[in-house]
Amino acid sequence: MERLGIDLIAAARPNFMKVAPLFHALHVQPWCKLRLVHTGQHYDRNMSEAFFRDLKLPSPDLHLGVGSGSHAEQTANVMLAYEQACVADRPDLVVVVGDVNSTLACALVGSKLRITVAHLEAGLRSRDRDMPEEINRLVTDTVADVLWTPSPDGDENLLAEGVAPDKITRVGNIMIDSYELMRGAIEASVERKRLGLLGREYGVVTLHRPSNVDESAPLAALVRQLKAVAVRLPLVFPVHPRTRKNLEAFGLWPELAEASGVTLIEPLGYVDFMNLVCGARLTITDSGGVQEETTYLGIPCLTLRTTTERPITVTEGTNRLVAVYALARTVEEILAGCWTHGRKPALWDGHTAARVAADIRRRLLGESDETEPAETAVRQAVGSA
Ligand code: UD1
Ligand code: UDP
């Protein structure tokens, strides 16, 4: 039997958690031949390699090494390099995940070469085109042949945009698969202990959206609010490289680093970061993934944005959009016990990779829906079979 050639594209921090469960579900299947492609959008050890180690991913089969740049540079460089890779060794299916520049670039390359393109995490919309990710999502979903959605709003957005219903399969949230795969390691991590947080209440902060961190005045306002919060609740803040660069450039780093109750640390690997989140009283974030993980864990999440492409985390989960000026006041509400408990959305259950594998077989090989072989492969790969 000719095996189906599948390229799995990984590029930036949030991609690795989306790719890993699918890699583990697929790489031992006799019907497919996987190529793990890293575009190199993120390259620091603690933004890339650490995740390969934590998520038990092998070194990529192909590393495109594009690095940082303007949106056009980065997107174009990925396109140039990935086109060459596809011409040299043409896959049958390109799987892109999430909404980063590399997602868009590889979807465009696959589509122009008339290779089937599938998008995992399709249909999410913030309706805010000031976010580069919204443009990436719109274009990727327009050119993709297969759209795997995490929640009903994803299906509704795609249908409203005129996407044919038979292109869409709701598979659930792949981020939760990573959490469930790594749950043992997350619980065993000593990160909370290392930071002296055992038995203490604390909050976890992550920030990297250009709207929050790229200009001096909004970032200074944020720093003031974080300092005010930290007086009441100690805050641990693993600082994203974009944010660190800007805090330093605007002269805000010393003020935040020296503030009482604030601990600034390097970005953490997935297992240690989730160990920190699991024990937190609340999170303060602008991350997409953290909004989802806290909903799954039932931890209050304050999202410093005016929109979210993940509305189910607000309607069903523990997330709330908060203006920067209202941050300290909202934290007080949580400490006073005022917050919704939320529930886990449907299909956020750790079995999304198996559903994706079954959908690939159905669509590309004409075989029936069978999730069990992929489930077993995943359990074996992470040693929990
Ligand atoms: C990117 C994604 C964003 C995602 C985020 C996850 C786009 C448009 N943005 O944003 O959707 O939420 O990743 O973290 O694709 N840098 C380093 N080391 C690295 C990577 C980046 O120092 O390993 C610094 C560089 O100065 C770089 C800057 O961070 O210029 C921004 O990196 P980039 O990948 O362009 O965007 P992110 O802000 O990381
Ligand atoms: N994360 C991590 N270490 C950190 C901060 C975040 O492992 O120091 C994880 C987090 O648990 C989530 C993912 O990174 O799984 C989210 O990535 P990010 O916030 O960079 O991107 P976004 O989700 O906003 O696109």
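When a ligand or atom number is given, it counts from 1 through the structure's own listing order. Numbers here are sequence positions counted from 1. The analysis underlying the following values was restricted to heavy atoms, covering all of them including side chains, and did not include hydrogens, waters or symmetry mates.
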Shortest protein contact, atom 32 (O) of ligand 1 (heavy atom only): His42 NE2, 4.3 Å
For atom 18 (N) of ligand 1, the protein heavy atom that lies nearest, with its residue and separation: Asp44 OD2, 2.9 Å
Shortest protein contact, atom 27 (C) of ligand 1 (heavy atom only): Ser68 OG, 3.3 Å
Closest approach of any protein heavy atom to atom 19 (C) of ligand 1, naming residue and atom: Tyr43 CZ, 3.5 Å
Steps toward salt bridge (charged side-chain N to carboxylate O under 4.0 Å, His left out) verdict (Arg343, Glu316): CA-CA 6 Å; Arg343 60 171 185 263; Glu316 294 192 15; 3.6 Å; yes
Arg232 atom CZ, neighbour heavy-atom count above 12 within 6.0 Å: no
Qualifying residue for salt bridge (Lys or Arg N to Asp or Glu O under 4.0 Å) with Glu309, from Arg137, Arg209, Arg125: Arg137
Minimum-distance protein heavy atom relative to atom 22 (O) of ligand 1: Pro241 CB, 3.3 Å
Stepwise salt bridge (charged side-chain N to carboxylate O under 4.0 Å, His left out) test for Arg129 and Glu133: CA-CA 8 Å; Arg129 291 197 189 189; Glu133 294 83 0; over 6 Å; no
Ligand 1 atoms in contact with Val100 (distance to a heavy atom under 4.0 Å): 2 (C), 11 (O), 15 (O)
Residue Gln74 vicinity, atoms of ligand 1 by number, heavy atom under 4.0 Å: 34 (O), 35 (O)
Protein residues having a heavy atom less than 4.0 Å from any atom of ligand 2: Arg13, Pro14, Met17, Phe51, Met175, His208, Arg209, Pro238, Pro267, Leu268, Gly269, Tyr270, Phe273, Met274, Ser287, Gly288, Gly289, Glu293
Those residues that, when tested against His63, pass side chain to side chain donor-acceptor pair (under 3.5 Å) (two or more places apart): none
Steps toward side-chain contact (heavy atoms from CB on, under 4.5 Å) verdict (His119, Asp141): CA-CA 7 Å; His119 183 205; Asp141 286 345; 2.5 Å; yes
Met274 and Glu191, any side-chain heavy atoms less than 4.5 Å apart: no
Ligand 1-proximal atoms of Arg242, by part, heavy-atom distance under 4.0 Å: both
Minimal non-hydrogen separation, Val277 against Thr294, with atom names: CG1-CG2, 4.2 Å
For ligand 1, the portion of Pro14 having any non-hydrogen atom under 4.0 Å away: side chain
Distance from atom 8 (C) of ligand 1 to nearest protein heavy atom, with residue and atom: Asn101 OD1, 3.3 Å
Of all pairs that satisfy salt bridge (Lys or Arg N to Asp or Glu O under 4.0 Å), the ones with a partner from residues 290-301, not counting sequence neighbours: Glu292-Arg310
Among His71, Met131, Arg209, Glu133, closest by any non-hydrogen atom to atom 12 (O) of ligand 1: Arg209
Atom 26 (O) of ligand 1 [closest protein heavy-atom partner, distance rounded to 0.1 Å]: Lys245 NZ, 3.0 Å
Atom 14 (O) of ligand 1: the protein heavy-atom neighbour that sits closest, reported with distance to 0.1 Å: His240 NE2, 3.1 Å
Numbered atoms of ligand 1 (with element) below 4.0 Å of Met47, judged on heavy atoms: 23 (O)
Please tabulate, for side-chain N and O atoms in residues 218-227, each donor-acceptor pair with protein atoms closer than 3.5 Å (sequence neighbours left out).
unit_1 : atom_1 : unit_2 : atom_2 : d
Gln225 : OE1    : Ala328 : N      : 2.9
Gln225 : NE2    : Tyr325 : O      : 3.3
Lys227 : NZ     : Glu255 : OE2    : 3.0

Arg244 to Trp253 six-membered ring, cation-pi geometry met (6.0 Å, 45°): yes
For the student: nearest non-hydrogen atoms of Pro21 and Ala353, plus distance: O-CB, 3.5 Å
Aromatic contact, His38 with Phe52 (centres under 6.0 Å): yes
